[in-house]
Amino acid sequence: MQERYDPNEVEQSAQRHWEATGAHRALEEGAKSKSAALEAGAKKPKYYCLSMFPYPSGKLHMGHVRNYTIGDVITRFKKMQGYNVLQPMGWDAFGLPAENAAIANGVPPAKWTWDNIAYMRKQLQALGFNIDWQRELATCDPKYYRWNQWLFLRMLEKGLVYKKTGVVNWDPIDQTVLANEQVIDGRGWRTGALVEKREIPMYYMNITRYADELLQALDTLPGWPDRVKAMQANWIGKSHGVNIGFPYDISPLSHEGRGSGVRAGGEGSGDRLKGVLRVFTTRADTLMGTTFMAVAAEHPLATHAAKNNAQLAAFIEECKRGSAMEAELATQEKKGMPTGLFVDHPLSGEKLPVWVGNYVLMTYGEGAVMGVPGHDERDFAFAKKYGLPIKQVIEWPDNAAARTHKDAFDAALQPWYCDYGVCINSGKYDGLDFEHAVDAIAADLGAKGLGEKQITWRLRDWGISRQRYWGTPVPIIHCPGCGDVPVPDEQLPVVLPEDCVPDGSGNPLNKRAEFLHVACPKCGKPARRETDTMDTFVDSSWYYLRYACNDNDKAMVDERVDYWLPVDQYIGGIEHAILHLLYSRFWTKVMRDLDLVKIEEPFTNLLTQGMVLNHILLRKSGAGRVEYFNPSEAEFQHDAQGRITGAALTRDGSALEYGGMGTMSKSKMNGVDPQALIQEFGADTARLFMMFTSPPEQSLEWSEEGVQGSFRFLKRLWRMVYEHVAAGLSKPYTTGELSVENKTLRYSTHHTIQRVTDDYGRRLQFNTAIAAVMELLNALGKVGDNAPVARAVKQEALETAVLLLFPIVPHIGHALWRELRPGSDIGNERWPQVDASALVQDEIELMIQVNGKLRGSITVPKDAARDAIEKLARENENVKRFIDSQAVKKIVVVPGRLVNIVV
RNA sequence: GCCGGGAUGGCGGAACUGGUAGACGCACGGGACUCAAAAUCCCGCGCUAGCGAUAGCGUGUCGGUUCGAUUCCGACUCCCGGCACCA
């Protein structure tokens with residue numbers, strides 16, 4: 001055995017061995033691997049461990065390394081526990097960055113993407129993951145995306161895909177549609193032109209048809225983090241309320257009332273407009289407090305009123321230009337303008353002015369709200385600003401609990417409140433609580449045909465059309481005679497030409513005659529192919545199914561999907577908590593209803609890993625510009641307590657400002673290249689550092705010293721095995737008399753197995769598992785006894801440490817196991833078992849408290865009686881000082897833990 | 001604004017079900033080895049007082065429940081993430 005730990009040699013040798021033995025293949029039969037044969041043919045349970053596939057951006061970043069290491073640790077642990085494990089890998093290969101790269105470098109997105117995939121695959125292989133590479137897939141491969149098209153057509157047949165207009169960001173100079181991220185301060189990122197909103201026809205998937213099921217089924221996912229389920233529930237946004245109609249009969253004569261100074265005009269035109277303005281509200285109990293109506297800028301009534309009112313038209317344009325982002329809507333100043341139109345209150349008949357409000361969303365509910373400034377914060381702000389009346393119609397119920405709450409609220413001096421109470425100033429509804437008031441009001445509205453209870457969803461249908469090149473072509477042909485014709489199945493896939501080079505001005509497919517011009521599948525006459533492509537979330541909505549059968553060119557899925565699915569453990573970033581996971585759940589349910597899969601939900605357990613952070617160093621130059629620097633290029637300065645105060649650029653010593661910790665990103669220049677890390681310390685050190693520095697769900701702070709520490713630990717582990725082996729191998733301990741020292745080490749060994757098994761299997765907390773093994777090795781290093789029995793106990797401890805660490809650092813584990821057990825392969829070893837007899841302790845230590853404060857400890861036999869424990873505790877010298885002459889009121893004994901004497 | 005998450009030594013973090021706060025590691029200090037350095041090994045390390053035994057204080061702030069609270073409850077402060085065409 002070599003004395004020095006050489007990660008490079010160890011890792012290459014281990015990887016060659018795994019490659020040669022096919023150690024990472026996943027077979028459906030489950031009984032073909034060597035370790036399974038040891039089980040006398042017993043069929044293994046399957047375990048599907050999946051990490052979210054990467055976008056092939058060029059090279060791996062630390063977030064990938066972390067994500068895939070977590071998955072690999074779980075995979076290898078489960079494998080050792082006797083599961084038939086599948087861990088696949090693939091590429092989320094369509095998307096905007098490839099087009100941006102094409103614009104920048106003139107390289108076709110296809111070439112750029114495939115080159116990136118080749119490089120990143122090498123990087124992943126260098127990390128030693130237990131991945132079955134024969135199942136690899138890339139979503140930009142026609143063999144994959146043809147099934148996007150195929151399922152799209154099935155959904156079209158079922159009415160789950162439909163066409164309607166949608167709003168997009170339009171860059172008038174480049175004549176192209178922009179993603180939100182390409183719009184900066186309302187202008188195109190490349191051209192700087194003011195971006196317009198345009199309505200264009202798009203395809204939508206009817207996810208709202210599944211809204212209720214997607215919401216209900218969250219309760220069937222105990223293995224998902226609560227916060228992810230909360231985010232999804234919130235996103236789906238089911239709310240119970242009442243749809244209320246406010247009738248109007250608009251003629252020029254009705255333009256009276258409030259002196260707004262704005263006239264809707266149209267006098268003499270004589271058109272009367274009759275109808276009903278519909279709103280959705282969850283607070284129908286406040287209907288009698290309505291003092292105005294507010295509609296969205298896109299609302300038909302607003303459009304109508306603006307026809308002859310230039311000022312209003314201008315305001316509407318301003319609103320439309322504004323952001324549709326909820327965060328901005330919620331915090332921006334409430335602005336409005338009266339339309340000059342009035343509607344009738346459905347119950348009181350009172351005339352209510354209709355305003356256009358910038359805080360009303362056309363896309364939610366009916367695009368209009370009833371303004372109840374007495375009991376809604378936004379309405380209140382709006383009414384205050386424009387001098388609209390505020391009417392209180394809810395009073396706190398007459399009970400003490402509510403009154404306290406009310407008083408607290410009044411103390412904040414807010415003249416409105418929106419909590420639930422009983423109706424006042426509401427005529428016949430006075431005295432009714434929320435539920436009864438809503439029922440009564442809904443019934444009365446129903447009798448007049450002006451309202452009914454309704455359930456509204458925040459979730460909207462999923463618009464999948466993208467006016468881009470690098471994506472799955474939508475399999476539709478537009479025929480002047482036959483309309484939109486689906487591409488027949490036998491003509492699939494509609495292959496994307498791979499040699500296009502987008503230049504940023506429009507979709508290059510529109511310039512491809514051979515792609516564009518086709519014969520109509522129905523009538524055979526010249527027709528035009530759809531050039532929109534699909535949202536890349538389509539690609540990622542079902543890739544986890546395809547891993548099971550990526551070689552099937554006859555069907556989207558087959559019976560192997562029934563074997564492997566659902567995914568037992570899914571691992572990925574929290575940033576996908578809503579969209580990707582919701583769309584995947586939706587597709588699973590659609591495929592279930594098409595009899596393609598048998599599962600209800602795709603992912604049984606979900607782990608959302610935290611971000612990888614690093615120091616941010618910056619320098620502000622004159623004109624408000626900020627320049628960022630990579631921490632590896634600087635020396636840090638610390639204060640007396642060791643806190644970072646600043647840094648200096650290594651190359652010229654110039655001062656840099658410290659900007660704290662932030663997510664590794666290109667823009668902040670604080671990324672660390674995993675490749676450099678692997679080259680210097682090896683994959684095992686990288687993996688160990690990632691797993692040791694923080695638990696998977698929390699963010700991870702990069703630290704050069706931390707990496708050094710992980711490397712040092714592996715060197716130490718290597719040396720301990722080396723020294724043990726150099727002194728002659730031993731058989732691991734099985735039976736025989738043990739000294740106290742050896743018994744204690746053996747206790748540590750088995751206690752560590754217990755802790756680590758729980759950390760890997762139940763808690764998914766690897767940092768504490770590693771800490772536990774470190775403790776074991778610390779304990780081992782302290783044993784000086786070298787008699788044969790002691791060496792056997794040490795052999796057992798070392799073997800255990802290597803086995804327990806193997807899922808995290810497989811290469812060194814592979815090498816050390818060969819030394820400890822010449823001729824055997826750790827890849828065939830089972831997870832170590834706890835020997836219960838080793839965990840039996842003769843004596844235990846109990847802490848003694850007096851009035852809850854620690855005052856001493858006693859050591860007692862493990863089965864000591866309560867009386868004896870109390871007696872010993874009271875006799876402790878230090879304890880006596882605190883009891884003094886006071887009477888003991890009570891003694892609490894927590895078995896195995898402590899004694900608390902209360903005086 | 002809404003929703004979600006978080007706050008523990010100089011730092012990353014541990015304490016799983018209300019029971020020894022600070023495991024493990026990093027940084028730092030001291031020592032051994034060395035001509036010297038690196039590497040490695042050993043010891044110390046929450047704050048304050050004390051030579052020490054030990055004591056007081058201490059888990060963002062304020063209050064509550066309890067024999068006992070980092071953990072449970074109430075109010076608050078600050079930080080981070082998400083909020084519909086990036087993936």
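The chains referred to below are lettered A, B, ... by the order of the sequence lines, with proteins before strands, and numbering in each begins at 1.
D759(A) and T757(A) are not linked by any side-chain donor-acceptor pair at a separation below 3.5 angstrom, with hydrogens and angles left out of the test.
Of the candidate nucleotides rU20(B), rC16(B), rC24(B), rC24(B) has the atom nearest to the side chain of A771(A). Listed candidates were rC24(B), rA27(B), rA14(B). Nearest to the side chain of E705(A) is rA27(B). For L898(A), whose side chain is taken as the heavy atoms from C-beta onward, the closest listed nucleotide among rC41(B), rU20(B), rC24(B) is rU20(B).
For rC3(B), the base has no donor-acceptor partner in the side chain of R227(A) [N/O atoms by modelled type, under 3.5 angstrom].
R881(A) comes within 4.0 angstrom of the backbone, heavy atoms only, and of no base. Residue Q708(A) is out of contact with every strand shown, counting any heavy-atom pair closer than 4.0 Å. As judged by a 4.0 angstrom heavy-atom cut-off over every strand, W462(A) is placed among residues making no nucleic acid contact. Residue contacts shown for F882(A) are limited to sugar-phosphate atoms, with no base heavy atom under 4.0 Å away. Looking at heavy-atom distances under 4.0 Å, R762(A) makes contact with a base. Residue contacts for R716(A): at a heavy-atom cut-off of 4.0 Å it reaches the sugar-phosphate backbone alone, with no base atom in range.
The shortest distance between the side-chain N/O atoms of K853(A) and the OP1/OP2 oxygens of rC57(B) is below 4.0 Å. An OP1 or OP2 oxygen of rG19(B) is reached within less than 4.0 angstrom by no side-chain nitrogen or oxygen of N900(A). Proximity of R855(A) to the phosphate of rG56(B): a side-chain N or O atom is located under 4.0 Å from OP1 or OP2. Contact annotation: T536(A) side-chain N/O to rA87(B) OP1/OP2 distance is under 4.0 Å. Taking side-chain N and O atoms only, R712(A) has a distance below 4.0 Å to OP1 or OP2 of rC26(B). Look at N778(A) and you'll find a side-chain N or O under 4.0 angstrom from OP1 or OP2 of rG25(B). In terms of phosphate contacts, Q765(A) brings a side-chain nitrogen or oxygen within less than 4.0 Å of OP1 or OP2 of rA15(B).
Rounded to whole Å, the P atom of rG56(B) lies 15 Å from the corresponding atom of rA69(B). Using P as the reference atom, rG29(B) and rA39(B) are 14 Å apart when rounded to the nearest Å. Separating the C1' atom of rG46(B) from that of rG58(B) is a span of 8 Å, rounded to the nearest Å. rU61(B) and rA55(B): their P atoms are spaced 24 Å apart (whole Å). Taking atom P in both rA53(B) and rG44(B), one finds a spacing of 13 Å when rounded to whole Å. The separation of rC43(B) from rA37(B), taken at their C1' atoms, amounts to 22 Å, rounded to a whole angstrom. Only the C1' atoms considered, rC24(B) is 8 Å distant from rG13(B), to the nearest whole Å. Annotation: rC72(B) and rG6(B) have their P atoms spaced 10 Å apart (nearest Å).
The nearest whole Å value for the distance from the CD1 atom in I844(A) to the C1' atom in rG19(B) is 14 Å. The distance between atom CD1 of I858(A) and atom C1' of rU20(B), rounded to the nearest whole Å, is 13 Å. Atom CD in Q467(A) sits roughly 13 Å away from atom P in rC86(B) (whole-Å rounding). Atom CZ of R897(A) and atom P of rG19(B) are 7 Å apart (whole Å). Separating the CZ atom of F713(A) from the C1' atom of rG25(B) is a distance of 10 Å, rounded to the nearest angstrom. The distance between atom CG of L579(A) and atom P of rG81(B), rounded to the nearest whole Å, is 18 Å. Note: NE2 (H61(A)) to P (rC86(B)) measures 16 Å, nearest angstrom. Atom OH of Y722(A) is separated from atom C1' of rU40(B) by 15 Å (rounded to the nearest Å).
Side-chain N or O atoms of Y364(A) include none that pairs as donor or acceptor with a backbone N or O of L459(A) at under 3.5 Å. One N or O on the side chain of N614(A) and one on the backbone of N670(A) form a donor-acceptor pair closer than 3.5 Å.
Salt-bridge annotation for E877(A) and R881(A): absent, with no side-chain N of the basic residue lying under 4.0 Å from a carboxylate O of the acidic one. Salt-bridge formation is detected for the pair R755(A)/E775(A): a Lys NZ or Arg NE/NH1/NH2 atom is positioned less than 4.0 Å from an Asp or Glu carboxylate oxygen.
RNA chain B is contacted by both D92(A) and G709(A); G709(A) maps to the nucleotide lying nearer its 5′ end (nearest heavy atom per residue). Residue F692(A) is the one, among F692(A) and K715(A), whose nearest nucleotide of RNA chain B lies closer to the 5' end (criterion: closest heavy atom).
Within the cation-pi definition used here (under 6.0 Å to the ring centroid, within 45° of the axis), R458(A) qualifies as a partner of W235(A).
Across R466(A), R468(A), Q467(A), a single residue satisfies side-chain hydrogen bond (donor to acceptor under 3.5 Å, both in side chains) together with D532(A), and that is Q467(A).
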Which atom pairs, one a donor and one an acceptor, fall under 3.5 Å between side chains of residues 888-903 of chain A and the rest of the protein, sequence neighbours left out?
| unit_1 | atom_1 | unit_2 | atom_2 | d |
| --- | --- | --- | --- | --- |
| N900(A) | OD1 | N851(A) | N | 3.4 |
| N900(A) | OD1 | G852(A) | N | 2.9 |

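For rG13(B), the glycosidic angle deviates from 0 by more than 90°, giving an anti base.
Shown here, rU8(B) forms no base pair; nothing in the strands shown gives a Watson-Crick or G-U wobble contact with both key distances under 3.5 Å.
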